[in-house]
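First the structure, in the form of structure tokens, and then the observations on it.
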Amino acid sequence: MFVDNGYMTAECLSDLGADLHAANIDLKSFSDEFYRTLVGARLEPVLDTIRRLWEAGVWVEVTTLLIQGRNDGEEELRALVAYLAGISVDIPGTCLASIRPIGC
């Protein structure tokens, strides 16, 4: 099982080729604003990686750590599930884990 933050280029996936059979992608949020402000990155490359992996025949699991008040809104979660279902309804259930930040 390859565990990754989702910043895998198409070239990297090509290099891994037939050696990659399963991947767990840490999708930190389904909000580009969250990625830009808290991660210092962008959402789109992660979504592209999830799609590329699935289309390459790799077993894909997605994990999202829910942070109260940051990425746990119903609208965002529905959009996340809809995106994954749009790739394939055969993608296994997303692992959602929840934490409560200290001081809340």
Side-chain angles (χ1 to χ4, degrees):
M1 175 68 73
F2 184 76
V3 178
D4 192 65
N5 65 4
Y7 278 87
M8 183 187 304
T9 65
E11 294 79 18
C12 177
L13 180 56
S14 177
D15 288 347
L16 290 171
D19 294 326
L20 183 58
H21 303 287
N24 182 292
I25 302 299
D26 177 20
L27 180 60
K28 297 175 184 349
S29 172
F30 200 69
S31 161
D32 194 56
E33 180 181 348
F34 181 100
Y35 266 88
R36 286 178 187 266
T37 60
L38 295 175
V39 182
R42 297 201 49 235
L43 171 62
E44 187 175 351
V46 180
L47 300 179
D48 291 345
T49 295
I50 293 169
R51 180 176 298 280
R52 272 195 232 101
L53 287 167
W54 186 261
E55 290 173 350
V58 176
W59 178 262
V60 176
E61 296 177 359
V62 177
T63 300
T64 300
L65 178 62
L66 300 179
I67 304 169
Q68 186 180 24
R70 297 283 188 151
N71 66 345
D72 63 344
E74 182 177 343
E75 184 176 319
E76 180 175 337
L77 295 176
R78 287 184 183 276
L80 185 159
V81 171
Y83 177 81
L84 295 176
I87 295 172
S88 174
V89 296
D90 294 326
I91 291 180
T94 301
C95 176
L96 300 172
S98 180
I99 66 166
R100 184 172 183 204
I102 296 174
C104 291

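The first residue in the sequence is number 1, and the count goes up from there. Every value quoted in this text rests on a predicted model; they were computed, and no experiment measured them.
- Taking the side chain as every heavy atom from C-beta outward, Cys12 and Thr9 approach each other to under 4.5 Å.
- In this structure, CD1 on Ile50 lies 12.0 Å from CD on Glu55, to the nearest 0.5 angstrom.
- For the pair Asn71/Leu66, a side-chain contact is recorded, criterion being any heavy-atom separation below 4.5 Å from C-beta on.
- Val3 and Val58 fall into different hydrophobic clusters, where Ile, Leu, Val, Met, Phe, Trp and Tyr side chains are chained together by heavy-atom contacts under 4.5 Å.
- The closest side-chain donor-acceptor pair between Thr63 and Asn24 falls under 3.5 angstrom.
- Checking side-chain atoms of Thr49 against main-chain N and O of Met8 turns up a donor-acceptor pair under 3.5 Å.
- Asp26 has its side chain out of reach of Asp4: every pair of non-hydrogen atoms, C-beta onward, lies at least 4.5 Å apart.
- Contact check for Tyr35 versus Leu27: side-chain heavy atoms found under the 4.5 Å cut-off.
- One finds the CG atom of Leu38 at 8.5 Å from the OG atom of Ser31 (value rounded to the nearest 0.5 Å).
- Taking each heavy atom of Arg42 and Arg36 in turn, the nearest pair found is NE-NH2, 2.8 Å.
- For the residue pair Leu13 and Ala56, the shortest heavy atom distance occurs at CD2-CB, 4.2 Å.
- Closest of all the heavy-atom pairs between Leu53 and Ala23 is CD1-CB, 4.0 Å.
- In this structure, the separation between CG on Leu20 and OG on Ser14 is 11.5 Å, given to the nearest 0.5 Å.
- Proximity of Glu76 to Phe34: side-chain heavy atoms (C-beta onward) are nowhere separated by under 4.5 Å.
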Derivation and outcome, side-chain contact (heavy atoms from CB on, under 4.5 Å), residues Met1 and His21: CA-CA 7 Å; Met1 175 68 73; His21 303 287; over 6 Å; no

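- The closest side-chain heavy-atom distance from Trp59 to Asp90 is not below 4.5 Å.
- Residue Leu47 comes nearest to Tyr83 through the heavy atom pair O-OH, 3.0 Å, listed as atom of the first residue, atom of the second, then distance.
- Side chains of Phe30 and Glu75 form no contact here, defined as non-hydrogen atoms less than 4.5 Å apart.
- A heavy-atom distance below 4.5 Å is not found between the side chains of Leu43 and Glu33.
- In terms of heavy atoms, Ile91 sits closest to Leu84 at CD1-O, 3.8 Å.
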Audit row: Asp72, Arg70, salt bridge (charged side-chain N to carboxylate O under 4.0 Å, His left out) steps and yes/no: CA-CA 6 Å; Asp72 63 344; Arg70 297 283 188 151; over 6 Å; no

